[in-house]
Structure formats: C-alpha cells, structure tokens
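Take a look at this one; I'll ask things after.
Predicted model, so just to flag it, every value in this text is computed and none were measured.
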Amino acid sequence: LLRRRIELMISTITTLRTKLYVANLHESDLEKCSHVLMKQLLFPSREDQYFFSFTRTGEETSLILDEGTVFEFPEYSLTIVKTAWRALSVSFGSVGYTGTGIVSSLSSLLAKAGINLFYLSTANTDFILVQENKLEKAVAALKNTFNITTEGDTHPTDAAEQEDIFGRMKQNLRDVNPTEVIFKPEASAEPLFCTLLPDELHLCSLPRENRALCAYGILKLVFFCENPHTFFSVSETEDEISMLMSKEALAFFPDDAMTVSELWRPIQRFKKTSYTEIGVISALSAPISRANVPILYASTFLSAYIFVQQKNTSVAVLCLESQKFRVQEKTKEGEMISPRASSPQVPRTKTGSSSSKNFSREDEGI
C-alpha cells in the first residue's frame with residue numbers, strides 16, 4: 001500500500017542529459033572565483049542543460065556544477081570529485097507535497113541495486129545524482145516501479161575521453177575510493193554521531209523574473225555574510241531557483257519576492273568515509289519516514305544534511321536514536337549537548353502536514 005501511494009505521488013523521473021561534477025571551493029579562493037560565481041548566480045548564459053548549486057556551511061563551500069561551468073573557474077581553484085555524475089529529476093504528481101517516504105523508497109531501491117548517490121532537495125524538485133557509469137543500472141532499478149523518461153544518451157563517456165576532460169579542467173582532483181559494501185548502522189564498529197545544528201532555515205522558491213530584485217540578498221549571503229558558519233544554499237536549474245537560508249537572512253530580500261516555508265532544522269550526518277557509500281541515505285531516512293515526518297536532504301562535498309521541520313525535531317531525533325545513531329545538539333555558542341536537554345519529547349505524529357504561510361514542502365522521506 002505504501003509503495004502504491006508513493007508511485008502515485010511521483011509523476012515522472014527524468015534522467016537529465018547534463019554531466020555534473022561535485023566540487024569544493026576553499027574559502028581563501030572565494031574572491032578569486034567571484035566573477036564566475038556572480039555570473040552563475042545572476043547572469044547564467046545557458047537556458048538549457050544548466051545546473052548550479054552553491055552550499056556554504058560552517059565547514060565547507062560545496063558546489064554542484066555542469067561541465068560547461070567547471071571550465072569557467074580559475075585553474076586549480078576547485079577540488080573536484082573525480083567522477084562524472086548524472087541527475088535523475090523527480091517530479092511529483094497531483095498528490096503534490098502531502099506525503100512522506102518518497103526518497104526513502106527511491107534510495108532503498110538504489111541501495112539494493114548497489115548504487116551510491118548524492119542527493120539534493122530543492123523547493124520544487126528533488127535530484128538524485130548517480131555516477132555516470134551507473135546511470136543505466138539506476139534506471140533499470142527504478143523503471144519497474146516508476147515512469148522514467150530519458151534526456152540524451154544513457155551510455156557513459158568513454159574512460160579515456162573522460163580522463164582527458166579531467167586533465168583539461170586543470171583543477172584539483174579527489175579520488176572516489178569505490179566500495180561495494182551496503183551500509184548497515186548496526187554493523188558499524190564506531191559510534192555514528194549525527195549533529196543537530198542550531199540553524200533555523202527557510203526553504204524559499206524564487207521566480208526567475210524576481211532574480212534582479214533579489215540580487216543584493218544573494219550577493220550579500222555569498223560574498224559578505226557576517227557569520228560564515230550560517231548555513232546557506234542556492235540552487236538553480238533550467239526550471240527553478242531554490243534557496244535555504246536563515247530567518248535573519250530574509251531581511252536582505254524584498255517582501256513577497258519569494259515564497260517562503262516554515263522553519264527547518266538541519267541534522268548533519270556522521271563522518272563521510274567515501275564518495276561511493278551505498279545505503280546511507282536509506283538508513284538515515286527510513287526510521288524518520290516511518291514516523292510520517294517530511295524531510296529534505298542535501299549531500300555536500302564533505303558531508304550531508306537532513307532537514308526536518310522545527311516542530312518535528314524531537315521526533316526525528318528519537319527516530320534516529322532508535323536505529324543506533326547517536327544525536328548530539330550543537331548550540332549557537334558551539335557547545336555540544338543532548339538534544340533532549342533543550343527540547344521536550346514530541347509524540348509520534350500521524351501526519352507530516354504543514355501550516356506554512358506561503359509555501360510548504362511536505363513529501364520527503366529521504
């Protein structure tokens with residue numbers, strides 16, 4: 001019954017033709033890359049096959065870039081994961097953002113097929129990134145359950161040609177260290193610490209025609225943020241512009257320029273050991289999905305983050321702790337405490353409904 005409900009929620013999964021790369025930008029190189037970043041944020045030159053994501057946390061600045069954009073960055077200003085990725089775009093049907101468990105189901109199917117993935121939630125679409133040489137395998141794992149449409153060729157780039165592309169990029173490269181082991185939390189010999197961060201974030205959807213109105217706010221948060229440890233993310237594809245920002249950051253944007261969700265809290269996952277981990281998203285998402293709690297998810301170069309609505313924070317913590325994860329809360333002063341010391345236990349909820357003033361994001365059980 002749950003599987004059938006999820007099938008109805010997803011109208012189409014589309015394999016995008018654009019090759020993507022995951023990169024890290026060191027804070028000291030931000031000024032050197034200011035021209036290309038401003039161009040991508042405010043004046044993207046390509047309307048189609050475009051994908052750009054910028055995420056800054058207290059630990060890193062992580063980027064997801066299409067191949068054309070990578071070549072616009074100054075030489076050796078980026079560290080790039082040495083593999084090409086292809087994105088599966090998840091579109092939702094008439095049920096819309098009213099359920100849970102969608103990406104938990106998707107990530108579980110891909111984990112069973114031995115496929116690692118990056119994941120990015122945006123305001124209107126979810127993107128599952130798989131290594132290009134595993135795209136056909138990923139499509140095969142999903143097509144018996146979901147309607148799949150394909151843009152471009154699903155065959156991977158020839159290995160020698162891809163190696164030549166990496167050479168011409170003239171960027172620092174990070175090997176992927178492949179693994180075939182499916183992650184199981186109960187099998188871990190070390191404690192799996194997740195961290196509830198102090199950030200309170202809004203998910204915002206920006207209409208393209210309002211981009212110029214919001215230019216000051218975007219540039220302020222990317223280049224002149226007073227607190228570089230504050231979480232901020234902006235993602236743009238050919239279909240949308242989506243941002244995650246603190247409630248204080250909303251003051252930099254005109255009223256009514258964006259649709260704005262209620263508050264979300266980020267939970268940082270335990271230490272990442274490989275770019276080819278299999279089953280981690282499924283393991284993190286499944287217990288929260290069973291409690292009917294909506295989730296967003298964002299993979300980054302160094303880590304990954306689960307986002308839960310602020311009202312569901314305690315439920316999500318209890319769900320994770322029930323599956324051998326250990327959750328600690330980081331205060332605004334940087335102190336680590338038990339999350340139960342700062343927030344009461346919330347009973348298991350029946351639904352994950354939202355009461356946002358303008359915009360709600362309700363369907364992720366990632």
Would you mind listing every ring pair (Phe, Tyr, Trp, His ring centres under 6.0 Å) that reaches into residues 206-251, with sequence neighbours excluded? Phe231-Tyr305, Phe231-Phe307
Electrostatic pair Lys247-Glu200, nearest N-O below 4.0 angstrom: yes
Here's a test for you: under ring pair (Phe, Tyr, Trp, His ring centres under 6.0 Å), which of Phe118, Tyr119, Phe127 qualifies with Trp85? Phe118
Under 3.5 Å, is there a donor on one side chain and an acceptor on the other for Gln40 and Glu236? no
Can you check salt bridge (charged side-chain N to carboxylate O under 4.0 Å, His left out) on Arg269 and Glu277, steps first, answer last? CA-CA 13 Å; Arg269 56 156 286 180; Glu277 294 171 325; 2.7 Å; yes
Check for a donor-acceptor pair, side chain of His202 on one end and backbone N or O of Met245 on the other, with a separation under 3.5 Å. no
Of Met336, Glu335, Arg265, which meets side-chain contact (heavy atoms from CB on, under 4.5 Å) against Glu329? Arg265
Quick one: are Leu221 and Phe252 in side-chain contact, heavy atoms under 4.5 Å? yes
Thr149 side chain to Thr14 side chain, donor-acceptor N/O pair below 3.5 angstrom: yes
Report the C-alpha separation of Val139 and Leu135 in whole Å, then their side-chain angles, then the decisive distance to 0.1 Å, and conclude whether the side chain to side chain contact (heavy atoms under 4.5 Å, CB included) test is met. CA-CA 6 Å; Val139 170; Leu135 179 62; 4.3 Å; yes
If we ignore hydrogens and angles and just use 3.5 Å, is the side chain of Glu132 paired with the main-chain N or O of Thr157 as donor and acceptor? yes
Please determine which of Leu196, Val308, Val327 meets the side-chain contact (heavy atoms from CB on, under 4.5 Å) test together with Leu320. Val327
Where is the tightest heavy-atom contact between Arg86 and Thr18, given as atom of each residue plus distance? CD-O, 3.6 Å
Run the side-chain contact (heavy atoms from CB on, under 4.5 Å) test against Leu42 and tell me which residues pass, sequence neighbours left out. Ala215, Leu219
Ignoring hydrogens and angles, tell me if any N or O in the side chain of His26 forms a donor-acceptor pair with the backbone of Ser28 under 3.5 Å. yes
Kindly indicate whether the side chain of Phe183, heavy atoms from C-beta on, has any atom under 4.5 Å from the side chain of Leu192. yes
Pairwise distance CZ(Arg326) to OG(Ser338) - rounded to 0.5 angstrom: 11.0 Å
Could you give me the CA-CA distance, side-chain angles and deciding distance for Val90 and Leu106, then say whether side chain to side chain contact (heavy atoms under 4.5 Å, CB included) is met? CA-CA 10 Å; Val90 183; Leu106 291 168; 4.0 Å; yes
Short side-chain to backbone donor-acceptor contact, Gln328 and Ile337, under 3.5 Å: no
Do we see a donor-acceptor contact under 3.5 Å between the side chains of Glu240 and Thr122? yes
Would you check if the side chain of Asp66 reaches a backbone N or O of Thr69 as a donor-acceptor pair within less than 3.5 Å? yes
Hey, mind stepping through Glu75 and Lys32 against salt bridge (charged side-chain N to carboxylate O under 4.0 Å, His left out) and telling me if it holds? CA-CA 10 Å; Glu75 294 181 5; Lys32 182 197 305 185; over 6 Å; no
Apply the test salt bridge (charged side-chain N to carboxylate O under 4.0 Å, His left out) to residues Lys19 and Glu67: give CA-CA distance (whole Å), side-chain angles for both, the deciding distance (0.1 Å), then the verdict. CA-CA 6 Å; Lys19 282 200 298 185; Glu67 191 165 88; 3.2 Å; yes
Spacing of Ile13 atom CD1 and Asp126 atom CG [to the nearest 0.5 Å]: 10.5 Å
Nearest 0.5 Å please: distance from the CG atom of Leu20 over to the OG1 atom of Thr83. 11.0 Å
Set out, in order, the CA-CA distance, both residues' side-chain angles and the distance that settles side chain to side chain contact (heavy atoms under 4.5 Å, CB included) for Gln268 and Lys330, then state yes or no. CA-CA 10 Å; Gln268 185 177 11; Lys330 186 177 184 178; over 6 Å; no
Please lay out, stage by stage, how Leu37 and Leu25 fare under the test side chain to side chain contact (heavy atoms under 4.5 Å, CB included). CA-CA 11 Å; Leu37 287 172; Leu25 172 62; 4.0 Å; yes
So how far is it from Ser282 OG to Leu109 CG, rounded to the nearest 0.5 Å? 9.0 Å
Using atom types as modelled and distance alone, determine if a side-chain donor or acceptor of Ser62 lies under 3.5 Å from a backbone N or O of Thr300. no
Modelled atom types, side-chain donor and acceptor of Lys82 and Gln171, under 3.5 Å: no
Using modelled atom types only, decide if a donor and an acceptor are shared between the side chain of Ser242 and the backbone of Ser205 within a distance under 3.5 Å. no
